[in-house]
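Side-chain atoms are counted along with the backbone in the values below, which use heavy atoms only and exclude waters and symmetry mates. Here is the naming used below: chain letters follow the sequence lines, and residue numbers restart at 1 for every chain.
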Protein chains: 2
Amino acid sequence: MSQSHEILFKTLADPTRRAIFERLCRDGDQTVAALTARAGVSQPAVSKHLGVLKQAGLVRDRHEGRNTHYSAELGALAPLIDWTNQMAGFWQSRFDNLEDLLKRMDQ
Amino acid sequence: MSQSHEILFKTLADPTRRAIFERLCRDGDQTVAALTARAGVSQPAVSKHLGVLKQAGLVRDRHEGRNTHYSAELGALAPLIDWTNQMAGFWQSRFDNLEDLLKRMDQ
DNA sequence: TTTTCCAATAGCCAGCGAGTTATCGATTGT
DNA sequence: ACAATCGATAACTCGCTGGCTATTGGAAAA
C-alpha cells in the first residue's frame with residue numbers, strides 16, 4: 001500500500017523543480033511564462049519540470065487560450081506524510097517493545 | 001529557517017538508500033554486514049550509502065570491535081515534516097484569503 | 001604473529017537527468 | 001492571411017551519482 005512516495009521523493013529532490021512547486025503552493029495558479037520569469041532556467045526547462053511534477057500528480061494544468069496555467073495539487077503530498085508517519089511508527093513500536101521487555105524483566 | 005530539507009530530499013530520493021534507512025527504522029541497530037545481506041548491492045555500495053545518510057544526519061554509527069553498527073536518527077526527519085506542513089500552510093492561507101474576499105463581497 | 005574478517009576508501013565506468021538551443025503547433029491579434 | 005506569442009518537443013551535451021572490483025586499515029581469532 002502507498003508505494004507512491006517513491007516518485008514523490010525523486011520528483012521533489014531537484015531544487016529547481018521543488019522551487020516551482022513551492023511557488024505554486026504559495027501563490028497559486030501561475031502561467032508557464034510567470035514561472036519561467038523567476039525560475040532562473042529556460043522556458044523549456046520549466047516545461048520539462050512541470051511535466052515531471054504533473055506525472056507525479058503534484059500539479060494540474062489548465063489551458064486557457066494560448067496560456068497554460070498550472071496549480072499545485074496539495075493532496076499529492078499525502079504519501080510523503082504517510083511515509084514519515086510510518087517511520088515514526090516503527091520507531092515508536094520498537095520503543096514500546098523495549099518498554100514491555102523491561103516491564104517483564106522487572107516483575 | 002530550516003533550509004535543511006534540501007539534503008533530506010536528495011538523500012532519500014535513492015531507493016536503495018531509502019530502503020536501508022527504512023530497515024534501520026523498522027529493526028533498529030544493524031551492522032554493515034547485516035544491511036548488505038538484504039540490500040541487493042555490494043558492501044562498498046552500502047558503506048557509501050551509509051556515509052551519505054550519516055552526512056544528512058539520518059543515521060548514527062557506533063563502533064564495537066571490528067563491527068560498525070548503524071541506527072536511524074528519527075529526529076532528522078523533522079525538517080521534512082516542517083516542509084510539508086509549510087506547504088499545507090500556504091495552501092490553507094490562500095484558501096482563507098479567498099474566504100475573506102468572498103465574505104467581504106457578500107456583505 | 002599470522003591469518004581472517006569487517007568496513008571504509010580508491011579508482012573506474014555507465015546511465016541518467018537537468019540544462020541548453022532550435023523548432024514546431026496552436027492561438028490570438030493586426 | 002500574416003505576424004506574434006505561448007508553451008511543448010526534439011536533439012544534444014555534460015556533470016553527477018550509484019554501481020562495480022580491488023585494495024587498505026584495524027580488530028579479533030588462530
Side-chain angles (χ1 to χ4, degrees), chain A residues 3-24 27-73 76 80, chain B residues 3-24 27-73:
Chain A
Q3 186 64 25
S4 54
H5 57 268
E6 166 78 46
I7 194 173
L8 291 183
F9 273 117
K10 282 210 169 146
T11 300
L12 295 171
D14 181 75
T16 306
R17 193 156 49 224
R18 200 173 54 249
I20 291 174
F21 178 71
E22 287 175 6
R23 182 158 161 70
L24 288 173
D27 306 336
D29 205 80
Q30 300 279 324
T31 67
V32 175
L35 291 169
T36 301
R38 306 209 172 197
V41 293
S42 66
Q43 174 267 311
V46 172
S47 275
K48 216 192 266 183
H49 282 308
L50 287 168
V52 175
L53 286 165
K54 186 180 171 187
Q55 201 72 15
L58 285 165
V59 302
R60 283 174 50 83
D61 60 345
R62 196 188 94 230
H63 298 279
E64 189 171 298
R66 61 183 167 187
N67 295 326
T68 308
H69 293 254
Y70 281 86
S71 57
E73 198 77 79
L80 209 71
Chain B
Q3 187 61 25
S4 54
H5 57 268
E6 166 76 47
I7 195 175
L8 291 183
F9 273 118
K10 280 206 170 148
T11 301
L12 294 171
D14 181 75
T16 307
R17 192 155 51 223
R18 198 172 57 250
I20 292 174
F21 178 71
E22 286 175 7
R23 184 159 160 70
L24 288 173
D27 307 335
D29 206 79
Q30 300 279 323
T31 68
V32 175
L35 291 170
T36 301
R38 305 210 173 196
V41 293
S42 66
Q43 175 267 311
V46 172
S47 276
K48 213 192 266 185
H49 282 308
L50 287 169
V52 176
L53 285 166
K54 187 181 170 185
Q55 200 72 16
L58 285 165
V59 301
R60 285 174 50 83
D61 60 344
R62 197 187 92 230
H63 297 279
E64 191 172 295
R66 61 183 169 186
N67 295 329
T68 306
H69 294 254
Y70 281 85
S71 56
E73 197 77 80

Nucleotide of D:dA8, C:dA8, D:dT21 approaching B:Y70 most closely (side-chain heavy atoms): C:dA8
5' priority, DNA chain D, between A:K48 and A:A34 [closest heavy atom]: A:A34
Distance in angstrom units between B:N67 CG and D:dG26 C1', rounded: 12 Å
From B:L12 atom CG to A:L8 atom CG, the distance as rounded to the nearest 0.5 Å: 12.5 Å
Between D:dT17 (P) and B:L50 (CG): distance, integer Å: 17 Å
Phosphate contact (C:dA18 OP1 or OP2) by A:R17 side-chain N/O below 4.0 Å: yes
Sugar-phosphate only, base, or nothing, as touched by A:S42 at under 4.0 Å among non-hydrogen atoms: base
Whole-Å distance separating the CZ atom of B:R66 from the P atom of C:dA7: 9 Å
For atom NZ of A:K10 and atom P of C:dA18, their distance in whole Å: 10 Å
Nearest-Å distance for atom pair CD/C1', residues B:Q55 and C:dA8: 15 Å
Exercise: identify the closest heavy-atom pair between B:V41 and B:T36: O-CG2, 3.8 Å
Given A:V32, A:L58, A:L53, the one that forms side chain to side chain contact (heavy atoms under 4.5 Å, CB included) with A:Y70: A:V32
Distance-minimising heavy-atom pair for A:R17 and A:K10: NH2-O, 3.5 Å
A:H49 vs C:dG19: side-chain N/O to OP1/OP2 distance below 4.0 Å: yes
Spacing between B:E64 atom CD and D:dA27 atom P, to the nearest angstrom: 14 Å
Interatomic distance where CZ belongs to B:R62 and C1' belongs to C:dC6 [whole Å]: 15 Å
Under-4.0 Å side-chain N/O to phosphate OP1/OP2 contact, B:T36 with C:dA7: no
Within 6.0 angstrom of A:R38 CZ, more than 12 heavy atoms from elsewhere: no
Below 4.0 Å: OP1/OP2 of D:dT9 and any side-chain N or O of A:S47: no
Minimum-distance nucleotide to B:Q43 side chain [options: D:dA27, C:dT28, C:dA8]: C:dA8
d(NZ, A:K54; P, D:dA8) in whole Å: 8 Å
